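A single structure is presented below for examination.
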Amino acid sequence: MPDSVYAYLSTSLRSAAIAAFGEQTAATVDIAIEKPKHASHGDISSPVALALAKTLKQNPVAVANRLMAGFPWDERYVSSDPGLERTVAGGFINFRLSSAYLQKALIASVQSPRTFGRNQAMPAKRILFEFVSANPTGPMVVVNGRAAAIGDTVARVNAWLGHSVEREYYVNDYGNQVNLLGKSIACRYYQSLGRDGAIPEGGYEGEYIRDLAAEISAALPEVASMAPAQAEELFTAEALARIMAQQKEILAAYGVRYDRWFRESDLHKSDAPAKVLALLRGRGLVYEKDGAVWFTSSQFGDEKDRVLVRQDSSPTYFLADLSYHMHKATRGFDESYTFWGPDHHGYLPRLEGAVKALGLSTTVFKNFIIQQVNLIRDGQPFRMSKRKGDFITMADLLGEVGVDAMRYFFLMRRLSSHFDFDMTLATKKSDDNPVYYVQYAHARTCSLLVHAQQQGFANDEIAAASPGMLSEAEEFALLRRIAEFPTLLVQTAHYVEPQRITTYLETFASDFHVFYQKHRIVTDNRPLSCARLLLTCGVRNVIRLGLDLLGVSAPERM
RNA sequence: GUGCCUUUAGCUCAACUGGAUAGAGCAGCGGAUUUCUAAUCCGCAGGUUAGGGGUUCGAUUCCCUUAAGGCACGCCA
């Protein structure tokens, strides 16, 4: 038995098409299953007859009717009651979910909330998610917060679906940037001792550099007696450790825990970069020019060739990144997602080109750019200036708006959209803040169940209620929402679009508020009350589950 | 200059990846509470989907083009 109505419909429509028009014709079309825009069209529909009509050069309605003549109706999924809905309209084939299907979903959401929505049909995969990976040379910025929310939630959804997920943070603790970090701190340290010296070209000038210099020299007084080069090294190592610890702390407070912090420097300690170089060289994709070693990335869609090994024979970030990808490839993941910041979109063509050149599968390695974030305060764009000191970091934003609003807001939009974060709205505890709207619906279900208990409704009695008592339009709307949840998760994971969950929760919350407004749940009619309380349980579980996947709390009282 | 992202109601965004009458929230206006939470609900109004062209039964979605905004263009990471 197919585990979803989608699977049932697509196989059934396929076999009906074969029966009606023969295998050859049926094979020419995809069986699309979609949710109609208007509820009056049914719960699920398929435009397959429109596509077939084109191949057959026949009237779509006639094609649809012929196709449906041999359709294998199954009441466990859809209702075949012709009075319920016109099955064929304008060439679309419309279905209504059966009561049996809806009731089964409700029971599942109430009885096994810890597995509701898990996809048993899908084989479990091992999936790696790398995200944030901010340079350990300064504080994390607001776009890192967006990446953290998205990467973590996509990982949560995949884990929920039954996959084995790992979260990884790539630490760029090697090369010029970290050297500059150490030099900058050393410079501030010597300045504090009254010695001369300027921050090196391209070095870090933020206030936190002074703080690090003071903290480290206080913790490790022996730095005073060290030669400058040695002191620089110590400052570098110690600063990296401190910055990483701080990043971990902030991310943990934000609800994100990584399974692994992968250090770039470890790659350089091994022969991994040399191996990648040899591999590319063996394929004739490498050449020498101006004393450097180049990769022919222009053959792979990049605008020009890129350097792998510099004139001074040190490896570039690019080469290290390729060896990192090779390393990931040897670890046996079925899929490997990398979420990049907006500043990396120019980098992806060469990376994807090289990944292809290395023979790595592009269906395994998937890259996503998370677009920039603009802060809005009091309706005005908040222009950040490091010099003036009015710079808002990820930690600042977290402190100001809190985990719930911050994660929720970052998850409201698709990754590719440039996001305006309205700080004033996010901190507002009012009805125009969507986080509270959804949380309030959850709190309402909880207080309703508490109220029912006080009125003498026992949990057992509610659990044994008959969902067949539910007949109002508002009740069916909620049943459909619950039944829709498993598909929502599959699609969210497939398209990597977490905003589907926030959109879903908002409409779901709205449906519940409407239901609540229109119907009294706890009444003298005991069987009906129990059925409505059962429904309320399902609503509560699914909203809570959705909020959990977003990393947003589900308060029981507000 | 080149590449990438974005452009849908006054504002912020959806539209299940090419389907039916483009939908929500906020803001605006008008209503609903002797009731299980009014952080709620109901109604009204709001559109040439930035402009133009193309592809086809059908386009917000795909292609071309123009415009606007943003980001990136290093032997940094």
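Everything quoted here is computed from the prediction, not taken from an experiment. Chain identifiers are assigned alphabetically (A, B, ...) following the order of the sequence lines, protein sequences preceding nucleic acid strands; residue numbering begins at 1 within each chain.
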- Task: Could you work out the separation of G47(B) and U7(B) based on their C1' atoms and round it to a whole Å?
- Result: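 Nearest-Å result for G47(B) against U7(B) at atom C1': 15 Å.
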
- Message: Any base atoms under 4.0 Å from His519(A), or only sugar-phosphate, or nothing? Heavy atoms, all strands.
- Response: base

- Sticking with atom C1', work out how far U60(B) lies from A9(B), rounded to a whole angstrom. 14 Å

- Query: Below 4.0 angstrom from OP1 or OP2 of A15(B), is there any side-chain N or O of Gln499(A)?
  - Reply: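 Looking at the OP1 and OP2 atoms of A15(B), one of them is under 4.0 Å from a side-chain N or O of Gln499(A).
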
- Query: So what does Val522(A) touch, heavy atoms closer than 4.0 Å: a base, only the sugar-phosphate, or nothing?
  - Reply: base

- Query: Between Arg413(A) and Ser417(A), does any side-chain donor sit less than 3.5 Å from a side-chain acceptor?
  - Reply: no

- Query: To the nearest Å, how far apart are Phe512(A) CZ and A39(B) P?
  - Reply: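 Distance check: Phe512(A) CZ to A39(B) P gives 15 Å.
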
- Task: Mind telling me whether Tyr516(A) and Phe512(A) have parallel, tilted or perpendicular rings, with 30° and 60° as the class edges?
- Result: tilted

- Assign U61(B) to syn or anti; the rule is syn for a glycosidic angle within 90° of 0 and anti otherwise.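 Here U61(B) takes the anti form, which means its glycosidic angle is more than 90° from 0.
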
- Message: To the nearest 0.5 Å, what is the distance between CZ on Phe295(A) and CG on Leu277(A)?
- Response: 11.0 Å

- Message: When the P atoms of U12(B) and G69(B) are compared, how many Å lie between them, rounded to an integer?
- Response: 16 Å

- Glu352(A) and Tyr347(A) side chains, donor-acceptor separation under 3.5 Å: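 Checked: Tyr347(A)/Glu352(A) side chains show no N/O donor-acceptor pair below 3.5 Å.
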
- Between C5(B) atom P and Arg146(A) atom CZ, what is the distance in whole Å?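 Nearest whole value for this atom pair: 15 Å.
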
- Item | Separation of atom NE2 in His442(A) from atom C1' in A39(B), rounded to whole Å |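 Going from NE2 in His442(A) over to C1' in A39(B) covers 15 Å.
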
- Rounded to the nearest 0.5 Å, what separation is found between the CZ atom of Arg350(A) and the CG atom of Leu322(A)? 10.0 Å

- Message: Can you confirm whether the side chains of His513(A) and Gln517(A) place a donor and an acceptor under 3.5 Å from each other?
- Response: no

- Message: Taking 4.0 Å as the cut-off, does a side-chain nitrogen or oxygen of Ser416(A) come that near to OP1 or OP2 on U6(B)?
- Response: yes

- Message: Please report the distance separating the C1' of C29(B) from the corresponding atom of G46(B), rounded so that it comes out in whole Å.
- Response: 12 Å

- Query: Starting at CD of Glu34(A) and ending at P of A20(B), how long is that distance when rounded to a whole Å?
  - Reply: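 Rounding to the nearest Å, CD of Glu34(A) and P of A20(B) are 8 Å apart.
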
- Note on the structure: The Watson-Crick or G-U wobble partner of U17(B), with both key distances under 3.5 Å, is none

- May I ask which nucleotide in the shown strands pairs with U48(B), Watson-Crick or G-U wobble, both distances under 3.5 Å?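 In the structure as shown, U48(B) has no Watson-Crick or wobble partner.
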
- Task: Pick the P atom in G23(B) and in U49(B), then give their distance to the nearest Å.
- Result: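 Looking at atom P only, G23(B) and U49(B) are 13 Å apart.
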
- Can Tyr204(A) and Gln177(A) be counted as having a side-chain donor-acceptor contact under 3.5 angstrom? yes

- Query: Once you round it to whole Å, what is the distance between P of U8(B) and CZ of Arg414(A)?
  - Reply: 13 Å

- Task: Round to a whole Å and report the spacing from OH of Tyr440(A) to P of G25(B).
- Result: 17 Å

- Message: Does U37(B) have its OP1 or OP2 closer than 4.0 Å to a side-chain nitrogen or oxygen of Ser447(A)?
- Response: yes

- Message: Any strand counts, and the cut-off is 3.5 Å on both contacts for Watson-Crick or G-U wobble. Which nucleotide pairs with U60(B)?
- Response: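 Partner of U60(B): none.
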
- Item | Under-4.0 Å side-chain N/O to phosphate OP1/OP2 contact, Tyr437(A) with C41(B) |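 It does, given that an N or O in the side chain of Tyr437(A) lies less than 4.0 Å from OP1 or OP2 of C41(B).
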
- Side chains of Asp305(A) and Thr296(A): do they bring a donor and an acceptor to under 3.5 Å?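 No - no donor-acceptor pair under 3.5 Å links their side chains.
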
- Message: Using a distance-only criterion (donor-acceptor N/O pair, under 3.5 Å, no hydrogens), is the base of A20(B) paired with the side chain of Ser45(A)?
- Response: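 Checked by distance alone, the answer is yes.
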
- Base-pairing mate for C26(B) - Watson-Crick or G-U, with both contacts under 3.5 Å: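 Check on C26(B): paired to G10(B), both distances under 3.5 Å.
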
- Span that lies between the P atom of G25(B) and that of A45(B), in whole angstrom: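 One P to the other, the span is 15 Å.
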
- Task: Specify the separation, in whole Å, of atom CZ of Phe419(A) and atom P of U7(B).
- Result: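 Checked: the CZ to P distance equals 15 Å.
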
- Does a side-chain N or O from Arg532(A) land closer than 4.0 Å to OP1 or OP2 of C36(B), or not? no

- Mind checking Ala441(A) for me? I need base, sugar-phosphate or nothing, with any heavy atom below 4.0 Å counting as a touch.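 Answer is nothing: Ala441(A) stays at 4.0 Å or more from every strand.
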
- When rounded to the nearest Å, what value does the distance between C1' atoms of G10(B) and A27(B) take?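 Approximately 8 Å lies between the C1' atom of G10(B) and that of A27(B).
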
- From Lys356(A) atom NZ to Gln299(A) atom CD, the distance as rounded to the nearest 0.5 Å: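 Reported value, rounded in 0.5 Å steps: 12.0 Å.
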
- Item | Spacing between Asn59(A) atom CG and C57(B) atom P, to the nearest angstrom |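 The answer, rounded to whole Å, is 15 Å.
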
- Between protein and nucleotides 71-77 of chain B, map the contacts as a letter string: B base, S sugar-phosphate only, - none, heavy atoms under 4.0 Å, written 5' to 3'. BSS-BBB

- Message: Under a 3.5 Å threshold, yes or no: a donor from one side chain and an acceptor from the other, between Thr445(A) and Arg544(A)?
- Response: no

- Identify, between Gln517(A) and Leu50(A), the residue whose nearest nucleotide on RNA chain B lies closer to the 5' end.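 Whichever sits nearer the 5' end wins; that is Leu50(A).
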
- A72(B) pairs with which nucleotide, Watson-Crick or G-U wobble, both distances below 3.5 Å?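 The base-pairing partner of A72(B), which may sit in any strand shown, is U2(B).
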
- Donor/acceptor link under 3.5 angstrom from Tyr495(A) side chain onto base of U17(B): yes

- On a whole-Å scale, what distance lies between the C1' atoms belonging to A59(B) and A15(B)? 13 Å

- Per atom distances to the Arg520(A) side chain, the nearest of C16(B), A20(B), C36(B) is C36(B)

- Hey, is Phe92(A) doing a stacking thing with G19(B), by the 5.5 Å centroid and 30° angle criteria? no

- Message: Does the structure show a Watson-Crick or G-U wobble partner for C41(B), both distances under 3.5 Å? Name it, or say none.
- Response: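 In the structure as shown, C41(B) has G31(B) as its Watson-Crick or wobble partner.
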
